Amino acid sequence: MFYNIKDLKDAYTAGKKLKYLFFWGHTPAANGHITEACLSQWWPCRFRVDGTEYSCAEQFMMAEKARMFHDEEMLAKIMEASHPKEMKAYGRAVKNFDKDLWDFRCYEIVKRGNLAKFSQNPELLEYLKGTRRRILVEASPRDRIWGIGMGKSNPDALCPLKWRGTNLLGFALTEVRDLILSKDMSGQDPKLPPSPSSPEPLRDRDGLTEEEFLASYQPGDYPRPSVATDMVIFTVTDENEDNYRRLPEKELRLLLIRRGGHPYLGCWALPGGFVRPTETTEQAAARELREETGVDQVYLEQLYTFSQPGRDPRTWVMSCSYMALIDSSQVKVQAGDDADQAAWFKLACRMRSHIQDTELWDLELSHDDIRLRALLEKKENEAFTQCRILENDGLAFDHARIIASGLHRLRGKLKYTDLAIHLMPEYFTLTQLQQVYEVVLDEELPTAAFRRKAAAMVKETERFTENAGHRPSRLYQKNTDA
């Protein structure tokens, strides 16, 4: 049997007949039968390794990743997560990650986890044993490492020479199956591969251990960038409304500061600053947020690292940007040391034209009589993080690109999460919540459909609106049990 892409390609080229079993996806069958979906890392099943229980193979893999790089914070989050998607996201956030080291050990980790998974779940074990003499192939069109980078319906899936990925998961499962089958023949239990958490010191091509390498390393041999954080801080406010009987409309706003020094003196920019040697980018973002708005303990997530050459005229500066959502009633805006004014700008970003595969987007921001605008260009399937700034009036650096990227992220996440709750006060009406969704998404939503969607996000309280000039409405809170 073949357990790596090179041997498989050699066998195919030599004319050897090969049988495959393609799998992708992790959803159990409606009739309860075990299918090839059980081969997925995300398939829900309980198993134990070294006394710790896991809910799926993905959780084991991500937990071992956190242990390898000694990130106890991410390890705790991975073990507390209830969905493999969350586990994977926390695994990607592991600190001190070393790609070369991970690549060297991850295959054995996946083998170890799957040997425990299948050995401890009889129904899964029988299915896996029934795949004998077939090469297991993760036909994932999205994964070019653990899968083959194409679906099973692709004619090229039958030719390993044309695979776009290395099928590491498929080979690991094939090897696990053969270990189990060899145990059946020998009568001896297959042994779990040893945990790679405490291996012998690795040596590089020069024969150096990591400790020896670091002792001789000269940081000055390579140019180093400065690292900054830029904060895309969103809130929602009420428009001024003279008619007290009418519900005030909502406005999506973004915090900007006017620069008090060069470069871009007098232009408006996102709050931010350079990361200090004693802090992480996330700590720097939280500090900037607290200094500019006077609040902390709010929703904060990393947006993107902007590293286009020449984005800052001073020097090579990479910006690790963050998105924050805050309730406007909590905020006291104050300009930092490098600014002479801070203000909330009304924000709009709409497509101007779509010709063939090219889109033009107008980004507009306004505050009192101040008007800022930018014209952005991107390909149809291209992310805003890679868009081109064709025109720019009043915004500093490449912040038009960062703002558009943050708004696009916010709009996307509103469609499948309860993220908008972070823009709300503690108590709110369903109409107010719908207004927030509509102003962010820039579209009207059917009330009945929205309320069905919102039902799981909120919980009723015994409170009602008062002195609103119209019939009292019930107030709701975020459903913390959702």
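All values derive from a computational prediction rather than experimental measurement.
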For Arg253 and Thr237, does a side-chain donor sit closer than 3.5 Å to a side-chain acceptor?
yes
Glu211 atom CD: more than 12 heavy-atom contacts under 6.0 Å:
no
Ring of Phe69, cation from Lys95 - is the NZ or CZ under 6.0 Å from the centre and inside 45° of the axis?
no
Go through the steps to decide whether Tyr107 and Glu175 satisfy the test side chain to side chain donor-acceptor pair (under 3.5 Å), and finish with yes or no.
CA-CA 11 Å; Tyr107 183 82; Glu175 192 169 352; 2.9 Å; yes
Does the side chain of Met61 reach to within under 4.5 Å of the side chain of Met87, using non-hydrogen atoms?
no
Would you say Gln302 has more than 12 foreign heavy atoms packed within less than 6.0 Å of its CD?
yes
Neighbour count >12 (heavy atoms, 6.0 Å) for atom CD, Glu444:
no
Nearest 0.5 Å, what's the CE-CD distance between Met150 and Glu138?
13.0 Å
Check the surroundings of atom NE2 in His26: do more than 12 heavy atoms from other residues, nucleotides or ligands lie under 6.0 Å from it?
yes
How many angstroms lie between CH2 in Trp361 and NE2 in His354, if you round to the nearest 0.5 Å?
10.0 Å
Has Lys65 got its NZ or CZ under 6.0 Å from the middle of the six-membered ring of Phe97, at an angle within 45 degrees of the ring axis?
yes
Answer yes or no: does atom NZ of Lys152 have more than 12 heavy-atom neighbours from other residues, nucleotides or ligands under 6.0 Å?
no
Please indicate whether Arg474 has more than 12 foreign heavy atoms, meaning atoms of other residues, nucleotides or ligands, lying under 6.0 Å from its CZ.
yes
Are Asp230 and Tyr322 linked by a side-chain donor-acceptor pair shorter than 3.5 Å?
no
NZ/NE/NH1/NH2 to OD/OE distance under 4.0 Å, Arg311 and Asp398:
yes
Applying salt bridge (Lys or Arg N to Asp or Glu O under 4.0 Å) to Asp103 and not counting sequence neighbours gives Lys99
Just say parallel, tilted or perpendicular for the rings of Tyr299 and His422, cut-offs at 30° and 60°.
tilted
What I'd like to find out is whether the side chain of Glu36 reaches to under 4.5 Å of the side chain of Tyr127, using heavy atoms alone.
yes
Check the surroundings of atom CD in Glu210: do more than 12 heavy atoms from other residues, nucleotides or ligands lie under 6.0 Å from it?
no
Test the Lys85-Tyr416 pair against the cation-pi criterion, namely NZ or CZ under 6.0 angstrom from the six-membered ring centroid and within 45° of the ring axis.
yes
Does Met68 reach the side chain of Ile109, with side-chain heavy atoms less than 4.5 Å apart?
yes
So, do Arg409 and Glu301 sit near enough that their side-chain heavy atoms are less than 4.5 Å apart?
yes
If we ignore angles and hydrogens, is there a donor and acceptor under 3.5 Å between the side chains of Thr431 and Arg451?
yes
Given side chains that start at C-beta, do those of Asn167 and Ile5 come closer than 4.5 Å, heavy atoms only?
no
Min side-chain heavy-atom separation Leu136-Phe22 under 4.5 Å
no
Atom pair CD (Gln59) and CZ (Arg46), whose distance is rounded to the nearest 0.5 Å:
7.5 Å
One should read off an interatomic distance between Ile148 CD1 and Leu169 CG, to the nearest 0.5 angstrom, of 12.0 Å
Is a side-chain N or O of Gln283 found less than 3.5 angstrom from the main chain of Thr280, in a donor-acceptor match?
yes
Charged N to carboxylate O under 4.0 angstrom, Glu108 versus Arg105?
no
Under 4.0 Å between a side-chain nitrogen and a carboxylate oxygen: does that hold for Glu359 and Lys379?
no
One thing to verify: whether Lys77 and Glu73 come together as a salt bridge, which I'm taking to mean a side-chain N less than 4.0 angstrom from a carboxylate O.
yes
For a side-chain contact (heavy atoms from CB on, under 4.5 Å) check, start with the C-alpha distance between Glu380 and Thr358, then their side-chain angles and the critical distance, and finish with the verdict.
CA-CA 6 Å; Glu380 183 177 12; Thr358 300; over 6 Å; no
Check the orientation of Tyr304 and Phe306. Use parallel for under 30°, tilted for 30 to 60°, and perpendicular for over 60°.
perpendicular
Is the shortest side-chain N to carboxylate O distance from Asp418 to Lys453 below 4.0 Å?
no
Is it true that atom CZ of Arg388 has more than 12 heavy atoms of other residues, nucleotides or ligands lying nearer than 6.0 Å?
yes
Name all residues meeting the salt bridge (Lys or Arg N to Asp or Glu O under 4.0 Å) criterion together with Glu282; count only those two or more places apart in sequence or in a different chain, and write none if there are none.
none
Ring centres under 6.0 angstrom apart (Phe450, Tyr437)
yes
Can you tell me how far CG of Leu124 sits from CZ of Phe47, rounded to the nearest 0.5 angstrom?
10.5 Å
Would you check if Trp24 and Leu39 make a side-chain contact, meaning some heavy-atom pair closer than 4.5 Å?
no
Using 30° and 60° as the class boundaries, would you call the ring planes of Trp42 and His83 parallel, tilted or perpendicular?
perpendicular
Would you call Lys129 and Arg177 a side-chain contact if the rule is heavy atoms closer than 4.5 Å?
no
